[in-house]
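Notes to accompany the following structure.
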Number of protein chains: 2
Amino acid sequence: MVTNLADAQEGTAKSRRHTGVTAVIEASGACDAVTDMLSRVGDKWSMQVVMKLGEKSRRFNELRRAVEGISQRMLTRTLRNLERDGLISRTVTPTVPPRVDYALTPLGHSLWGPVMRLSTWVLENRSEIEASRSAYDTREI
Amino acid sequence: MVTNLADAQEGTAKSRRHTGVTAVIEASGACDAVTDMLSRVGDKWSMQVVMKLGEKSRRFNELRRAVEGISQRMLTRTLRNLERDGLISRTVTPTVPPRVDYALTPLGHSLWGPVMRLSTWVLENRSEIEASRSAYDTREI
DNA sequence: CTGTATCCGTGGTGATACTG
DNA sequence: CAGTATCACCACGGATACAG
């Protein structure tokens, strides 16, 4: 019996509320799509994997060591999600032991620019953010 | 008795793993900070609130109606997090009934650009992403 | 009007063990 | 080597009720 739905859905499609609506590219209708991809970008490991693959194509365990801190399970899930979105490609060489190479697709590469802008913003402003957090946390001890 | 830790922590500081390390702005050390802010940006409501406040300053319920779909609880939590990060300001006018105005800070405004680049990317590429997802989901029925 | 308190389901994440 | 299976923890988000 299945007690954990999250695990049961593992192999299936990720169901982040697709609107299905292709019309209305106007700010309101597309908001779902933007929020949706923002959470892909914002999840714990996706961008770290994309960054590492941005440098060069890598194999599974190579990536596992490169990302540091990621579990095998999470690496697999992250890779599958990115693959599903068309951001990375997965190439299997059926030898023994098997060899699987992951690489950024052109779409994946094109995401790199916008993400870097955001990263740059964070780097430039993180001391201000840290300061704000400290101030917020320490007032009214 | 407290049975739900998440709720118990509600009033306290958000503990998204601060490294505390202010050194090493090099790509590796700052990765945590970037991932951290990426998840703020990627959470379900933050950017929608920032967008709405980008248009103009708003009051609590005004915002509640503007965002659409957000619960009172989530709006409060989102606003508190954004305030803690220094992205929005909260101004209380102690009348009865109380009036609270929220507005973007300069820091909040500066985030708007990078986020828009990413949003634009999503809008430009979302059909390709949708197509990739469909292809992924329908193969090997 | 602007919140807080409480309860609860769902799902994201990690640890560990196992497989081809 | 590159995964899958299983279990368990707890954070996220919604519903509802209550308060200043």
Side-chain angles (χ1 to χ4, degrees), chain A residues 1-17 35-36 38-46 48-49 57-83 88 90-102, chain B residues 1-17 35-36 38-46 48-49 58-81 83 88 90-102:
Chain A
M1 174 197 173
V2 175
T3 53
N4 188 325
L5 246 180
D7 281 339
Q9 288 178 344
E10 297 247 90
T12 78
K14 201 162 186 181
S15 64
R16 292 171 178 273
R17 54 195 173 288
T35 298
D36 182 77
L38 240 32
S39 55
R40 167 68 25 92
V41 161
D43 77 10
K44 196 172 182 183
W45 303 108
S46 289
Q48 297 196 55
V49 168
S57 166
R58 289 174 198 261
R59 298 179 58 180
F60 187 87
N61 276 345
E62 207 179 339
L63 212 41
R64 182 157 162 49
R65 284 186 296 272
V67 172
E68 184 158 18
I70 194 170
S71 67
Q72 195 172 36
R73 171 189 163 86
M74 278 306 110
L75 180 54
T76 302
R77 290 184 55 145
T78 302
L79 289 169
R80 291 293 175 281
N81 285 333
L82 292 172
E83 188 193 359
I88 66 174
R90 179 172 179 271
T91 312
V92 183
T93 309
T95 54
V96 278
R99 174 197 179 95
V100 183
D101 289 276
Y102 292 94
Chain B
M1 173 199 172
V2 175
T3 54
N4 189 325
L5 243 184
D7 281 338
Q9 287 178 344
E10 297 247 269
T12 77
K14 202 163 186 182
S15 63
R16 292 172 177 274
R17 53 190 176 293
T35 298
D36 182 77
L38 240 32
S39 55
R40 168 70 22 91
V41 161
D43 78 10
K44 196 172 180 182
W45 303 109
S46 289
Q48 297 196 56
V49 168
R58 290 173 197 261
R59 297 179 58 182
F60 188 87
N61 275 347
E62 206 179 338
L63 212 41
R64 183 157 162 48
R65 285 186 296 273
V67 171
E68 185 157 21
I70 194 169
S71 67
Q72 196 172 37
R73 170 191 163 84
M74 279 304 109
L75 180 53
T76 303
R77 290 183 54 145
T78 301
L79 289 169
R80 290 294 173 280
N81 284 333
E83 188 194 0
I88 65 173
R90 178 172 180 271
T91 313
V92 183
T93 311
T95 54
V96 279
R99 175 197 178 95
V100 182
D101 288 277
Y102 291 95

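Chain naming here is simple, since letters A, B, ... match the order of the sequence lines and numbering starts at 1 in each.
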Figure out the [atom1]/[atom2] separation between [X] and [N], and round it to whole Å.
X     : N      : atom1 : atom2 : result
A/I70 : D/dG3  : CD1   : P     : 13 Å
B/L75 : D/dA15 : CG    : C1'   : 16 Å
B/Q48 : D/dG13 : CD    : P     : 12 Å
B/M74 : C/dT10 : CE    : C1'   : 13 Å
A/L79 : D/dT4  : CG    : C1'   : 15 Å

Are a donor atom and an acceptor atom from the side chains of A/Y102 and A/R90 found within less than 3.5 Å of each other?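 Checked: A/Y102/A/R90 side chains pair up, N/O donor to acceptor below 3.5 Å.
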Just by distance, no angles: are the side chains of A/S46 and A/D43 close enough, under 3.5 Å, to form a donor-acceptor pair?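 Distance-only check passes for A/S46 and A/D43.
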| How far apart are the C-alpha atoms of B/W45 and B/L75, what are their side-chain angles, what is the distance that settles it, and do they pass the side chain to side chain contact (heavy atoms under 4.5 Å, CB included) test? | CA-CA 8 Å; B/W45 303 109; B/L75 180 53; over 6 Å; no
Base, sugar-phosphate alone, or nothing: which one does A/R64 contact when heavy atoms must sit under 4.0 Å apart?
nothing
For A/N61, report the nucleic acid contact type (base, sugar-phosphate, nothing); a contact means any heavy atom under 4.0 Å.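 Sugar-phosphate: the residue A/N61, judged by heavy atoms under 4.0 Å, touches backbone atoms but no base.
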Closest to the 5' end of DNA chain C, once A/Q72 and A/W45 are matched to their nearest nucleotides, is A/W45
Report yes if at least one side-chain N or O of A/R59 is closer than 4.0 Å to OP1 or OP2 of D/dA2; otherwise report no.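 Checking D/dA2 against A/R59, a side-chain N or O does come within under 4.0 Å of OP1 or OP2.
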query: Any side-chain N or O of A/R73 under 4.0 Å from OP1/OP2 of C/dC18?
result: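 Negative; the distance criterion is not met.
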Counting only side-chain heavy atoms from C-beta out, which of [options] sits nearest to [X]?
X      : options               : value
B/R80  : C/dT6, C/dT4, D/dT4   : C/dT4
B/P98  : D/dG14, C/dT4, D/dG20 : D/dG20
A/K44  : C/dT2, C/dG3, C/dT13  : C/dT13
A/Y102 : D/dG3, D/dA2, D/dG14  : D/dG3
A/P97  : C/dG14, D/dG14, D/dC1 : D/dC1
B/F60  : C/dT13, C/dA17, C/dG3 : C/dG3
B/R90  : C/dT2, D/dA2, C/dG14  : C/dT2

* Asked: What about A/R77: does its side chain form a donor-acceptor pair under 3.5 Å with the base of D/dT4?
  -> no
Margin query: Using side-chain heavy atoms (C-beta onward) and a distance below 4.5 Å, is B/D101 in contact with B/F60?
Written below: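 Contact flag for B/D101/B/F60 side chains = no.
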query: Got B/V41 and A/L38 here, is their nearest side-chain heavy-atom distance under 4.5 Å?
result: yes
